[in-house]
Amino acid sequence: MKTGILIAFAGMVAAQVQAQSILFDFNNAPVYTPLPISLTVGGVTAHFSATGGGYSIQSVTTATVVPVGFTGNFIFPSTIYASDLLVSFSTNLTQFSIQYAPEELACDSSATMRVTAYLGNTFVGTATTNAVAGTWPVQTLGFESGQQFNNVVVHYDAAPVTGGDYGPIFIADNMSITPIPPPIVLDQPVRLPNGAFQLTFTAGLGGTFIVLASTNLTSSSWTPLGTATETSPGQYQFTDTGAINPSKFYRVR
């Protein structure tokens, strides 16, 4: 019986975790509040600050301009002068995107927006995009990398190439991030008095984890047993009532 528990532990080490995206829609941010502010969604805290004249939180009922598709609260420029939006995160990411609308009134082209990602002060990468020309046109600026990063700079990079009626400012909403998934950490597995095998582990908040089993660790065929229950935030438990000899290997996906 003790051997069975040790084998189960070995199988759990090979667990898999898939990353999940988190959306900051700013609707929980206090209206009129100037940056810097910090917001927490899905266990990740994002700290927003700015250069230059900065930004504040406005809403569809308080802002002088509401781009098409923007709802609730969003980030609004505090002056008519260009300002970078700076965002740092409490955990490392692999993906970042944010919806934006530059100040343009029926221009024939749109501004170039740039996002640059860093891990601490170390440059990771950068990406640019342009919206389809129009009036306060809406586009999504994004960056994705196999290398982790934990802060970004959103920058108004260049004015519309055809000129027109524009300003070097932008409104932002709906920021999406993909954090590095926290590792699955196995607690001490136990054999219950009724013979069932119980395993507990910690992982990301609100995740869905499938427990699988096999009598052969190298097998390509693993049998799904069920879904682990989140007994408290980030703490999961699963009981295999069919745990009998021969011993089993367990995997979480």
Side-chain angles (χ1 to χ4, degrees), residues 1-29 38-47 72 88-97 119 142-150 174-253:
M1 186 174 298
K2 182 178 180 181
T3 302
I5 292 177
L6 292 176
I7 291 176
F9 178 84
M12 281 292 294
V13 173
Q16 303 172 22
V17 183
Q18 295 188 359
Q20 298 181 350
S21 295
I22 296 174
L23 176 66
F24 287 75
D25 60 13
F26 305 108
N27 291 341
N28 64 332
S38 293
L39 301 174
T40 300
V41 178
V44 177
T45 298
H47 181 73
S88 60
F89 301 93
S90 61
T91 189
N92 291 356
L93 313 178
T94 59
Q95 176 271 336
F96 166 91
S97 68
L119 181 62
F143 177 78
E144 186 170 358
S145 173
Q147 183 178 349
Q148 301 177 29
F149 57 95
N150 59 13
N174 296 324
M175 182 183 76
S176 174
I177 61 170
T178 303
I180 298 297
I184 292 177
V185 179
L186 179 69
D187 295 331
Q188 183 63 45
V190 296
R191 178 79 72 176
L192 300 178
N194 63 0
F197 180 75
Q198 185 178 86
L199 53 90
T200 58
F201 58 92
T202 56
L205 302 178
T208 300
F209 297 93
I210 308 290
V211 179
L212 306 94
S214 175
T215 57
N216 182 357
L217 183 61
T218 61
S219 173
S220 60
S221 177
W222 289 70
T223 301
L225 300 180
T227 303
T229 300
E230 188 172 15
T231 56
S232 60
Q235 184 75 35
Y236 297 83
Q237 183 180 94
F238 181 82
T239 302
D240 180 11
T241 57
I244 58 174
N245 288 326
S247 298
K248 293 179 180 179
F249 294 92
Y250 292 86
R251 174 174 290 172
V252 173
R253 183 172 62 206

Under 3.5 Å, is there a donor-acceptor pair between the D187 and Q235 side chains?
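The criterion, which ignores hydrogens and geometry beyond distance, is satisfied for Q235 and D187.
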Q. When you check the side-chain N and O atoms of T239 and Q198, is any donor under 3.5 Å from an acceptor?
A.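 There is such a pair between these side chains.
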Of all heavy-atom pairs between [X] and [Y], which one has the smallest distance, and what is that distance?
X    : Y    : value
P179 : Q20  : CD-O, 3.3 Å
L225 : Y250 : CD1-CE2, 3.7 Å
V44  : F24  : O-CZ, 3.5 Å
F197 : L199 : CE2-CD2, 4.0 Å
F26  : L39  : CD2-CD1, 3.7 Å
E230 : S232 : CG-O, 3.1 Å

Exercise. With rounding to the nearest 0.5 Å, note down the distance linking CH2 in W222 to CD1 in I210.
Key: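 Result: 14.5 Å between the selected atoms.
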- Item | Distance, nearest 0.5 Å, that separates CZ of F201 from OH of Y236 |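 F201 CZ to Y236 OH: 7.0 Å, rounded to 0.5 Å.
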Query raised in the report: Among S88, S90, S38, whose side chain to side chain donor-acceptor pair (under 3.5 Å) with H47 holds?
Result: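 With H47 as partner, S88, S90, S38 yield a single side chain to side chain donor-acceptor pair (under 3.5 Å), made by S38.
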**OP:** Given ring-ring contact (aromatic ring centres under 6.0 Å, His included), test F238 with F209 step by step and report yes or no.
**Re:** CA-CA 10 Å; F238 181 82; F209 297 93; over 10 Å; no
Problem - side chain to side chain contact (heavy atoms under 4.5 Å, CB included), paired with V41, selected from I22, I177, L23, D25 - result: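 The residue from I22, I177, L23, D25 that satisfies side chain to side chain contact (heavy atoms under 4.5 Å, CB included) with V41 turns out to be I22.
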Using the test side chain to side chain contact (heavy atoms under 4.5 Å, CB included), find all partners of N92 that sit at least two apart in sequence or belong to another chain.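 Side chain to side chain contact (heavy atoms under 4.5 Å, CB included) list for N92, sorted by chain: L119, Q148, N150, I180.
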Open item on the list: Applying ring-ring contact (aromatic ring centres under 6.0 Å, His included) to F96 and F149, what does each step give before you reach the verdict?
Closed with: CA-CA 10 Å; F96 166 91; F149 57 95; 7.4 Å; no
